[in-house]
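To keep things clear, I will list the structure first and then write my remarks on it.
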Amino acid sequence: MNTKLFSNLFLGLSILAGSSSAFARDSYSSRYDADTDGGVIRIEVGKQRGDSSREELERRIWQLERAVWQLQQRVFDLETTKTPTPEKAESWICTVSAFGATHTGNGSTKAEAMANSINACKKEANDNGFFCKNPKCEK
């Protein structure tokens with residue numbers, strides 16, 4: 001009996017692996033749909049060997065086939081879905097002209113770029129930022 005059970009299980013899984021997804025979608029049996037509510041199938045550990053009826057074994061094989069099919073569809077969806085590329089953050093650049101030199105600062109926001117350009121100017125002027133004013137900014 002165990003040999004026949006394993007051969008039936010192997011045959012069922014072989015058919016599942018070789019079938020197309022369209023065939024698998026159309027081949028659902030209404031008598032087993034009631035068991036799963038059309039949602040994700042959860043596989044539970046069965047009873048001890050020899051205690052299961054033929055109908056129970058058929059139901060479990062059907063659940064296994066559907067669970068494998070759902071898993072196959074999910075993997076296929078994950079493999080074929082392109083991952084979105086992260087958008088680049090806005091980049092601002094500001095310039096300040098003082099003491100005959102031009103100082104620049106970059107930042108993801110206009111305020112950050114302004115502060116960086118003024119700080120660069122102050123650093124050159126030994127922290128005397130009196131002339132480090134009115135930065136010009138652009139994206």
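Every heavy atom of this structure was used, including side-chain atoms; hydrogens, water molecules and symmetry mates were not. Fair warning: this is a prediction, and the values are worked out from it, not measured in the lab. Quick note: residue numbers are just sequence positions, from 1.
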Shortest non-hydrogen contact from [X] to [Y]?
X	Y	result
G107	A113	N-CB, 3.7 Å
P135	I118	CG-CD1, 4.1 Å
W92	S108	CD1-O, 3.6 Å

Criterion side chain to side chain contact (heavy atoms under 4.5 Å, CB included) on M114 and K110, from CA distance to verdict: CA-CA 6 Å; M114 288 174 73; K110 185 176 180 180; 4.2 Å; yes
Does a side-chain heavy-atom distance below 4.5 Å link [X] with [Y]?
X	Y	value
N106	N116	no
R66	W62	yes
K133	V96	no

Look up atom [atom1] in [X] and atom [atom2] in [Y], then write down how far apart they are to the nearest 0.5 Å.
X	Y	atom1	atom2	answer
Q73	L78	CD	CG	11.5 Å
Q63	E65	CD	CD	11.0 Å
C94	N134	SG	CG	11.5 Å

Lys/Arg N to Asp/Glu carboxylate O, R59 vs E55, below 4.0 Å: no
Residue pair F76, Q72: steps toward the side chain to side chain contact (heavy atoms under 4.5 Å, CB included) verdict: CA-CA 6 Å; F76 179 75; Q72 180 182 8; 5.6 Å; no
